[in-house]
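Quick note: residue numbers are just sequence positions, from 1.
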Amino acid sequence: MRIYLWVGFIFLVFFLAGCGKKNPPLPPSKSIPKEFSFEVKPTEAGFDLIVYLPTETKGGYPLIKISSLIIEKEEIPLDSPKAKSKIYEIKLSPKLHSAGNLYVYHDYQVKHRHRYKYRIKIKKDFLVRTDWFEFPGYLYWHNPPLFPENISFQVLPEKAVRLTWKKPEKDIEGLSIDYPISYEIEKISGPKVESFYVRKEEFFEKLSDVNKTCYRIRSILNFRGTQIPGPKSPPLCLE
């Protein structure tokens, strides 16, 4: 009987000793996610927030999961000087995977003639989170412009093509536009897609050797420094 007791005692000692060899938990200072960044891209439907998530902690350890990505959005109307800003908090749960650390949030909740500001922080768990990272400067939203009108082309003798169009006068909601507009020309030649940017209502280029070339044009509204793209025009094709 004593032999069995001694064997049990020795087994318990080794078991407890083994448990004691586990790595201690990381201090919060080393488990905080590393610095990250994000950018904001205007689209014809709102703003895309493109977040480059961290993959390591400040202690150099792999970041396996993120509890939440918190976006804070400040909104204020431009036509009401005495109006107070509204703050919205958006909580997301991005998944970390081997395919990359890029995460895109589409913010379609934007209003005509309003100013916006974004900042983001990452929460690893209940106790560990990053500081706020703020997007520099303000962003402004206006209804996107309509695509150009009366788009036409002219084939020139020197094997070139000239596209012309009329500047849109209204936005997609039918309101008059009083701000500068530039244009994006999308050229599709077979599998190749190219984009060109111009400020005038015309575009010149040499004719392509491809049998069929199509062009689509979109207006880009400069609203207080924010470049807001409108919808693309139907394709105009040369064969």
Quick one: do the Tyr183 and Glu201 side chains pair a donor with an acceptor below 3.5 Å?
yes
List the residues meeting ring-ring contact (aromatic ring centres under 6.0 Å, His included) with Phe147, not counting sequence neighbours, and say none if there are none.
none
Just to verify, what does Glu186 make a side chain to side chain donor-acceptor pair (under 3.5 Å) with, not counting sequence neighbours?
Lys232
How does the hydrophobic cluster around Leu175 look, that is, which other residues are in it when side-chain heavy atoms under 4.5 Å mark a link?
none
Sequence neighbours left out, what passes ring-ring contact (aromatic ring centres under 6.0 Å, His included) with Phe133? Give chain and number order.
Phe36, Phe38
Who else is in the cluster with Ile188 when I, L, V, M, F, W and Y are joined by side-chain contacts under 4.5 Å?
Val193
Applying side chain to side chain donor-acceptor pair (under 3.5 Å), name anything that partners Tyr138, two or more places apart in sequence or on another chain.
none
Between Asp48 and Lys41, does any NZ, NE, NH1 or NH2 come within less than 4.0 Å of an OD or OE carboxylate oxygen?
no
Determine the interplanar angle of the Phe203 and Phe196 rings, folded into 0 to 90°, and report it as parallel if under 30°, tilted if 30 to 60°, perpendicular if over 60°.
tilted
Can you name the residues that form a salt bridge (charged side-chain N to carboxylate O under 4.0 Å, His left out) with Glu184, not counting sequence neighbours?
Arg218
Applying salt bridge (charged side-chain N to carboxylate O under 4.0 Å, His left out), can you list everything that pairs with Glu56, at least two apart in sequence or on another chain?
Lys34
Regarding Lys117 and Glu75, does a basic nitrogen lie under 4.0 Å from an acidic carboxylate oxygen?
no
Are Leu221 and Ile172 joined in one hydrophobic group, where the rule is that I, L, V, M, F, W and Y side chains link up if heavy atoms are under 4.5 Å apart?
no
Side-chain heavy atoms of Leu69 within contact of Tyr103, under 4.5 Å
yes
Just jot down the salt bridge (charged side-chain N to carboxylate O under 4.0 Å, His left out) partners of Lys167, sequence neighbours excluded, or say none.
none
Could you work out the complete set of other residues in the hydrophobic cluster of Ile70, with links drawn between I, L, V, M, F, W and Y side chains under 4.5 Å apart?
Trp132
Excluding sequence neighbours, so at least two apart, what forms side chain to side chain contact (heavy atoms under 4.5 Å, CB included) with Phe204?
Leu156, Arg162, Glu202
Does any part of the side chain of Val104, heavy atoms only, come nearer than 4.5 Å to the side chain of Val51, both counted from C-beta?
no
Going by heavy atoms in the side chains, are Ile76 and Tyr116 under 4.5 Å from each other?
no
For the student: nearest non-hydrogen atoms of Ser233 and Arg216, plus distance
O-NE, 2.9 Å
Cut-off 3.5 Å, side chains only: do Ser152 and Thr164 have a donor facing an acceptor?
yes
Do Tyr118 and Asp107 pair up side chain to side chain, a donor and an acceptor below 3.5 Å, judged on atom types alone?
yes
Give every residue pair that meets the ring-ring contact (aromatic ring centres under 6.0 Å, His included) criterion with at least one member in residues 213-234, sequence neighbours excluded.
His142-Phe223, Tyr179-Phe223
